[in-house]
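Chain A is the first sequence line, chain B the second, and so forth, proteins listed ahead of strands; every chain is numbered from 1.
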Amino acid sequence: MNHKEYLWLETRQFQSRIKQPLQGIVNFLLVTAAFLICWRFFMDPRGTMRWYTPQYGYMYIRWILIVAIWQAYIFNFWPLRYSFMEKTHPLIKGAVLIGINFAVVGFMIWVFYYNFLGRLAIPYMSWPVLTSLGMTEFFAREYSSLALLMMAAIASWLSPIWPVCFENYPWDKLERPSRGLTVWAWTFFLATYIFLILMHPHYNVLFYPWQKFAAAFPWWQNFAHTLSGNFNVGWVMCGTISVWILEVTFERYPFCLIKKQPLRGIAGFFGVLIFALVMFVTFNFLQDLAWGPAVEGAKRLYAPDWRYLHSGELACMLLIPVLVLGFYFDNWPRKFAPSVNIAVRCLIILVSAAVLHYLYYKFSPPLLGTQPGYSHPQQFPMAPVILWVTIMLYHNWFMDLYPGKKLTSREQYLLAPDLVVNKA
Amino acid sequence: MTDISRRDFLKGLAVGGTLGYFAMAGVSSTVMKNAFLPPPKVGAVEIGECKSVKATVISETSWFNNSLLMGDMQKAGGLLVNQYEIPWTNTGVQEGWKGDNAGGYSTLIEVEQLDGKKRKFLLDTGWNVDWTDTCFQREGIDKMLSNKEIEFLFVTHEHFDHYWGVEATLKYYPDIPVIVPKGFYPEGFELLKGAEFTKCHLANKVPHTGPLEVRDSSKVHPVIPGVASITFDVPIITRVFGEQALVFNVKDKGLVVITGCCHMGIITLMEYVRETIKGGDNIYAIQGGLHISPFEDWDPQYDDLVLAIHKYGIQKMGCNHCTGYVTAEKMIAVNLPLVRGTAQNKSKRDIYLGNGDFLMI
């Protein structure tokens, strides 16, 4: 076939099993219940596995997210056949895709990082290596987990940019698996490169004595007033959330109006970056208003690095209503002009995120086993929020929003007149 | 959706970029901050004056083997697990106290008032009862408690190493007034009454019979002339909440801050003192655990602290316990005025004040 291979996700057509808004409510409640069960089993400090130590569990959460993005957006569900994706029951399909997801996560962490890259290149990417060098096992695991979770965080920002903004340009004509492998290699290379700039200097000053011959000094110290890489964590998270706001809430508007690549991709990339930086600075300022200015060297609420981190956390809290509205309530409203639709959605999302922020800090101690208070050096609201997000993505991408919705034929989409023109 | 011309696109890009830049620059500018943020406060609460204060380290050795302690927490599920649910290693520890890894933190505070009268308080009461009792006997605390020279037990926070050895105090003075910060969990109050917690190998066989005061963060609490306590609503690892510290106003010297672990952060504490207590712009000395690298771990945020603490003009730093040796070395490297100790009574190094050492202001 000599035409563009569309993302499977773009070509899905749904029928409703239940009318809205009940459909959205049922699906949302089911997903939330699944999140709470998963959190209790894997993460909760009172639960079974207790991986939320916190970095160790948080790392797994970050990795299941990026691997899900790779599966759906980069590899377009390769190596599974489209017929499998269309005809298999959503629950079985979900189990297979989640199984693949977990296997890839296990491979990346335990084989690629812990036993390949960690042993041959960068020791802090492998806790067994750090432990063998004499570090207390607990901190060896926490430090390496932070590195790996940041690797995944940066990849979560850059990987979707290629399909969302650049529409996989210049490899958009390639088919599976060539396109997926190429875009994956390119975005993973970019993520590694950016990691070296944004997080490697953090590890210069994390170890004692400072590793000044092995890594650059944190270049952000003079203007960020901290040596901590949390400065970068904060704005990268705002960037990641911005990509998904562009994809889900804005439905790629206004960049979708630009037909030519790479102009559209470049405009989208920088548009997202500017949006992210405005969001980051605004959240920092809101915190100054709420608690007073940050104080250099302070801890907890007043620590500059925690403020940056919390800006990222606030951005994450925006993502929940973005996805809930987009996935479960058909991105309501849709009847106005695109700009009006988007404005109404943004208003709903802002109000919902503020409500979520309040509810999270009020109910997370009994529900999630966290400790009361906003700033705690050992807990990250991003962890539960991203797990919740990932389960929504599993539900949508891997299970076709079952049981609220039912998948109909993909061919209907591919044969639609406007696409036939594009395919010619 | 309609197509867009290159000209329209560039116009849109220019307008959007310019607005974005000004939005960003606007909210982050000094002008905006000055317009919206209140000016810094100046401390106004008068706490009186005292002649001198002496802090004697009864025990700063909270545990004897750091790897074992971290291993206990790792096996239990990390740093957020409830401390009463962790089976702490209490046998077979070679460098421990009679095989137990638990030690404890406790400090004797002696204040001389302007009229020459001397007052004594106990700040924290250790973890391992036998170890704490041995330290008490070494410093004569047992007798001071028995004859009620020590006026009250000031518990900085509910952590195992600061509070769980409460039996060692109650054994000599069961009705001693006890002051705890707001945030104590029910288990903490039950322990005071004589409860046993088998999972974490904890028991108090001497129920408390004296007054108990819970202090909140709404105000500066006067203690005696020249001494006050302040409380912080701060979440802490192993499911602990709230910590309090003592502030002294020593005549002709300035303010002295004495902490247990200082989970709120020493700079946060000093900023609060500066904004709240009269004379807060002259903090002469600090003493106690600074909770910077308690487990010999590190975070670049701690470097921020080490590099920023100079600005506060402290004359003497009598830190120990959860300050961490790495921190002490870094502080010495940037010429902070750390008071050295004598490395005796199982304190491992003389880099800071150890067991039996004291700071006199």
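- In this structure, chain B has a heavy atom under 4.5 Å from the side chain of A:Val295, while its backbone stays farther away.
- Contact of the B:Asp297 side chain with the A:Tyr143 side chain is registered, since non-hydrogen atoms from C-beta on lie closer than 4.5 Å.
- Using non-hydrogen atoms only and a strict 4.5 Å limit, the part of residues 298-310 of chain B facing chain A consists of B:Trp298, B:Asp299, B:Pro300, B:Gln301, B:Asp303, B:Asp304, B:Leu305, B:Leu307, B:Ala308.
- Using a 4.5 Å cut-off between heavy atoms, B:Thr238 contacts chain A through its backbone alone, with no side-chain atom that close.
- Side-chain contact check for B:Leu80 versus A:His376: some heavy-atom pair is nearer than 4.5 Å.
- Looking at A:Tyr203, there are no atoms closer than 4.5 Å to chain B (heavy atoms on both sides), in backbone or side chain.
- Neither the backbone nor the side chain of B:Met270 has a heavy atom closer than 4.5 Å to any heavy atom of chain A.
- Of all heavy-atom pairs spanning A:Pro372 and B:Phe241, the tightest one is O-CE1, 3.5 Å.
- In this structure, chain B has no heavy atom under 4.5 Å from any part of A:Glu142.
- Only the side chain of A:Trp210 comes within contact range of chain B, with at least one heavy atom under 4.5 Å from a heavy atom of that chain.
- Here the OG1 atom belonging to B:Thr327 is positioned 9.5 Å from the OH atom belonging to A:Tyr208, to the nearest 0.5 angstrom.
- In this structure, chain B has a heavy atom under 4.5 Å from the backbone of A:Ser375, while its side chain stays farther away.
- A distance-only check finds no donor-acceptor pair linking the side chain of A:Arg50 to the backbone of B:Gly78 [under 3.5 Å].
- Considering only heavy-atom pairs separated by less than 4.5 Å from chain B, the leading option among A:Ala337, A:Ala303, A:Ser228 is A:Ser228.
- A heavy-atom distance below 4.5 Å is not found between the side chains of B:Gln74 and A:Thr53.
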| task | Test A:Phe139 against B:Met70 for side-chain contact (heavy atoms from CB on, under 4.5 Å), laying out the working first. | result | CA-CA 8 Å; A:Phe139 290 108; B:Met70 294 317 301; 3.6 Å; yes

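- For the options B:Asn82, B:Val234, B:Ile266, heavy-atom pairs under 4.5 Å to chain A are most numerous at B:Val234.
- Interface summary for chain B: among A:Ala298, A:Pro304, A:Pro293, the most heavy-atom pairs under 4.5 angstrom belong to A:Ala298.
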| request: Might you work through the side-chain contact (heavy atoms from CB on, under 4.5 Å) test for A:Asp288 and B:Phe36, ending with a clear yes or no? | output: CA-CA 9 Å; A:Asp288 286 352; B:Phe36 284 98; over 6 Å; no

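- Using a 4.5 Å cut-off between heavy atoms, B:Tyr312 contacts chain A through its side chain alone, with no backbone atom that close.
- Here the CE-CZ distance, from B:Met73 to A:Phe138, works out to 7.5 Å after rounding to the nearest 0.5 Å.
- With A:Lys299 contributing its side chain and B:His291 its backbone, the two residues share a donor-acceptor pair below 3.5 Å.
- Looking only at heavy-atom pairs under 4.5 Å with chain A, the residue among B:Ser67, B:Ala76, B:Pro40 that has the most is B:Ala76.
- Looking at heavy atoms from C-beta onward, A:Arg300 lies out of side-chain contact with B:Thr268 at the 4.5 angstrom threshold.
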